[in-house]
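So you know, we letter chains A, B, ... as the sequences are listed, proteins then strands, and number each from 1.
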Amino acid sequence: MGVTIEQKTRKKAQLPPFWSLVEAHGSELLTHARRLAGDDAEDVVQEALLKALRSYPRLAHGEHLRAWLYRVTTTTAFDLGVRARRATALPAPSPGPAQVFADEVAPFEELIEPLSPALKETLELRFVEDLRYEEIGRRLGCNEVAARQRVSSALRALRRRMT
Amino acid sequence: MKLTEGFLEGVAAAAVDEGLVDAYYATVATALGKLLVIETPQGVCRIGFEEEDPDALLANVALRVGPRIVRAKGATSEARDALEAYLSGAQNALDLPVDLALAPSTFGRSVLAGLAAVPRGTVTTYASLASSIGRPGAARAVGTALGRNPVPIVIPCHRVVPGGGGVGGYAGGAARKELLLRLEGYPQGPTPSRGS
């Protein structure tokens, strides 16, 4: 009985239990959300954690998870900010922290909305799901080099729209 | 700025409700000490004693079942209450659904399944259990499989003792095994009849 099933089956580095990330980074994500969304910070964090949970198993590797959570929190704050502005339909809202930020930078999803579905998917795989090019290639059905090219051409298309 | 327990429980409950999780867990204080209870939507998949490293237990569940694991008191309350009541003697039955995702092998599963024929208040031996699952002579392997029981207490591996007397080994320690047998009304100093 000396060998537990844990020792028996542990093989390699992998994605840690999601809640260990929440315990390690939850408070700083709340601070981050507070800067972006003021009083809505807790809503943002809740929404962001659920969103992160949805895509967590699809992450190709267990690196940069903290940065990934920050990114998900940021895009969530933008999205909620946009929804809130649409709901109130005020042309010039009093600038709460969320709105200041959201007005400076268009939310990611709104930003990529006009692109073709293929380009949108490519950018989401790279910047929302934070996948490596190898995994992006696998998901798009092409090799790593082609995946790299697709991401950069999607970025070029995006830049053309912004300038 | 800190996230409160209430907020985190709310997030976890929403995640469970929306079917976004592979597993959820919480601890419960019992007569056998603090237990870590890990469940999947199918049932209890792991019970850990307080000496076991919870991070290692959860990492193994992440590897074998999936990494979407949250701490959820509400979702685990039924299992935790049932364990607490059984171990305090308030309840004589412990009927909880189990998920054997962590059982190491087909053989291991058949050994654990064989325990269904060993009711509360009785014991069997490693050798008889081996015979009862059609593997006479595999007593040692049966002992190993029982030692890897991922769901102790609920799957009653504590009801298997050496033919030569004594309570034998237990993942949670011999003292806990004795306590469980006493709780279940098995006479002091188990001396099982062989081949029963």
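- The contact between Pro17(A) and chain B is made by backbone and side chain atoms together, counting heavy-atom distances below 4.5 Å.
- Interface remark: Thr31(A) contributes backbone and side-chain atoms alike to the contact with chain B (heavy atom separation under 4.5 Å).
- Closest of all the heavy-atom pairs between Gln46(A) and Ala14(B) is NE2-CB, 3.8 Å.
- Chosen from Leu29(A), Val45(A), Leu49(A), Val22(A), the residue pairing most often with chain B at heavy-atom distances under 4.5 Å is Val45(A).
- Geometrically, Arg46(B) does not engage Tyr25(B) in a cation-pi contact, judged by NZ or CZ lying under 6.0 Å from the ring centre and within 45° of the ring axis.
- Of the listed residues (Arg71(B), Lys2(B), Arg68(B)), the one with the most heavy-atom contacts under 4.5 Å to chain A is Arg71(B).
- Using a cut-off of 4.0 Å between Lys/Arg side-chain N and Asp/Glu carboxylate O, Glu135(A) and Arg132(A) are scored as not salt-bridged.
- In this structure, chain A has no heavy atom under 4.5 Å from any part of Ala23(B).
- Of all heavy-atom pairs between Pro57(A) and Pro67(B), the closest is CA-CG, 4.4 Å.
- The nearest pair of heavy atoms linking Glu50(B) to Lys34(B) is OE1-N, 2.7 Å.
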